[in-house]
Amino acid sequence: MKLYDFELHAECYAARLMLSLLGVPHEVETVDVYPEAAHLTPAFRAINPLGRVPVLEDGALRFGTVQGILAYLAAAYDTSGQWAPDTAVLRGEVAGWMAIAAELAATAGQARLIETMFAQGDAEAARAGAEGLLRVIDQHLWFGEVEGRDWLCSAPHPTIADIACFPHLVLSEDGGISRQDYPAIRRWIDRVKRLPGFTVMSGVFATSSAL
Amino acid sequence: MAQDRGALMTELCNDPVMLEHWHPVVSLEELRRHGRCRTMLLDRAVEIVAQGEGAVVRCEAALVGSLVQYGYVWASFGEAPKPLFAVPEFDEADRRFVVTGVFGVQVSAGRAIENFLDMGHFPYVHAGILGEEPHTEVKDYDVEVSQNRDEILATRCRFYQPKAAVSSDAGAEVDYIYRVPHPNCAVLYKSSPMDAARLDVIYIFVQPMGQERIRAHTGMCIIDDASSDLEIRSFQQTIFGQDKPILENQYPRRLPLDPRAETPIRADKSAIAYRRWLASKGLRWGVIPAGV
Ligand SMILES: [Fe+2]
């Protein structure tokens, strides 16, 4: 198994985190995404026509979106059956939060790329979109805590939806989005960090600072 | 935060110390890739356009003084900025020059330079790479302000590093020399794992976009014929990515120059010398001047 990866990329981090949580042995091929933009070259587009990282290769199989990677890893390598649960309710919930994760990428993730790596775009608009999502996620998690639910979906354990959303939320400050007003998100981040097999990335520390 | 940004943008930097310096605005590598670059310098929007081997810099329609050195375009709004500091290692033909990237950070230039000079954070922020517990002690080193070169020099710095460079295969006690030849630029010389007789050069050239917003240009000029550019870049980006949240969580974001404003944890000598040196220049922009 091989992951085409870039350390500072939020969605690559989601893929690395899932591989680490599942303990799946793999090799990593770093793609020179920034500043070289190697992911946009014809050579890399032969691997992923979308011109994006992460890409996961398993034998002859190739997955070129983070949603595909997480869903595949959970289905193929999770013997517990917990990461992508098979009940009707949880399938619906996971699909919904995976869609929210994509919206986080387009807002909080985009604000981070604009502020940190000078991507084109409107940082204020991206932040405004992200704040709307963070408000909803914080409320959802806050009411979850009241009901005894620790994760995004109603299962008593995390799912791939938590992993898909996590990088964008934990890296939000890079895009100028403070988590000061989202205490339930902060507590959920701490819960993710305590999962066995959790792994950090550059800029994410194993334990939260006292902020 | 939005309010702060608004307030800071209404006033343009009029600090003569900043206006009279050269500032990095874009690497030649990035400029060649895109042909032009729009960015901010000292609260002003500037545009850099590639021209021949060099570049033209404009602010609004007016031409801005510029030069090309060390792989970057430098710009100054000053009447007669003094020549850029010397880094002779850039001219050594057998060195690898690798631009490791430019990153936007919500912090003042002074805070970024001070972090670059600080060895105390290595075991905590760069655990397993530039430091490792229990090797947390910063051993005594020397700091001087070189009068004839008008720069800060920290010598005899030593630190135990598990992976000092991309080419390291084991932990080692590493020798460091720091130079701060410009208020917003620092150059680090450290033992080369590939050549015991020479020192690798790692630089940070900070472009102050505003008082609390920078572009940090980092790169290396090193002796290493084995590692790829990608490996060198990844190594340095990982380290910078670790520093970034630390930098952005320092308050105030501007660097306080009053010696009593903050007690650096071990009264770090190079930080004290740096702040004093900035204060002696009369710098008021991007800092909290002494006595305010
Ligand atoms: Fe650092």
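Every chain is numbered from 1, with letters handed out A, B, ... down the list of sequences. In what follows, every heavy atom counts, from backbone to side chain, and hydrogens, waters and symmetry copies are set aside.
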Can you name the residues that form a side-chain hydrogen bond (donor to acceptor under 3.5 Å, both in side chains) with B:R96, not counting sequence neighbours? B:D229
Which of the residues B:S228, B:G104, B:A216, B:S234 is involved in the greatest number of heavy-atom pairs with chain A at under 4.5 angstrom? B:G104
Check the surroundings of atom CZ in B:R58: do more than 12 heavy atoms from other residues, nucleotides or ligands lie under 6.0 Å from it? no
Using the side-chain hydrogen bond (donor to acceptor under 3.5 Å, both in side chains) criterion, which residues pair with B:S168? Sequence neighbours excluded. none
Measuring from atom CG of B:N249 to atom CD of A:E173, what distance do you get when rounded to the nearest 0.5 angstrom? 5.5 Å
With a 4.5 Å heavy-atom cut-off, do B:V125 and A:F205 have their side chains touching? yes
Heavy-atom pair with the smallest gap, counting every atom of A:G203 and B:P245: O-CG, 3.6 Å
So B:R38 and A:F118, side chain to side chain contact (heavy atoms under 4.5 Å, CB included) or not? Walk me through it. CA-CA 10 Å; B:R38 289 194 180 87; A:F118 309 100; over 6 Å; no
Check each atom of A:V204 against the heavy atoms of chain B and say whether the ones under 4.5 Å are side chain, backbone, both or neither. neither
Heavy-atom proximity to chain A below 4.5 Å, by part of B:E29: side chain
Nearest heavy-atom pair of B:R33 and A:P35: which atoms, and what distance? NH1-O, 2.9 Å
Euclidean distance, A:S202 OG relative to B:D243 CG, rounded to 0.5 Å: 8.5 Å
Any idea which of B:R215, B:E248, B:R213, B:R233 has the most non-hydrogen atom pairs under 4.5 angstrom with chain A? B:R233
Should we say atom CZ of A:F143 is surrounded by more than 12 heavy atoms from elsewhere, each under 6.0 Å from it? no
NZ on B:K244 to CG on A:D174, rounded to 0.5 Å: 3.0 Å
So, B:F103 versus A:Y34, ring centres under 6.0 angstrom or not? yes
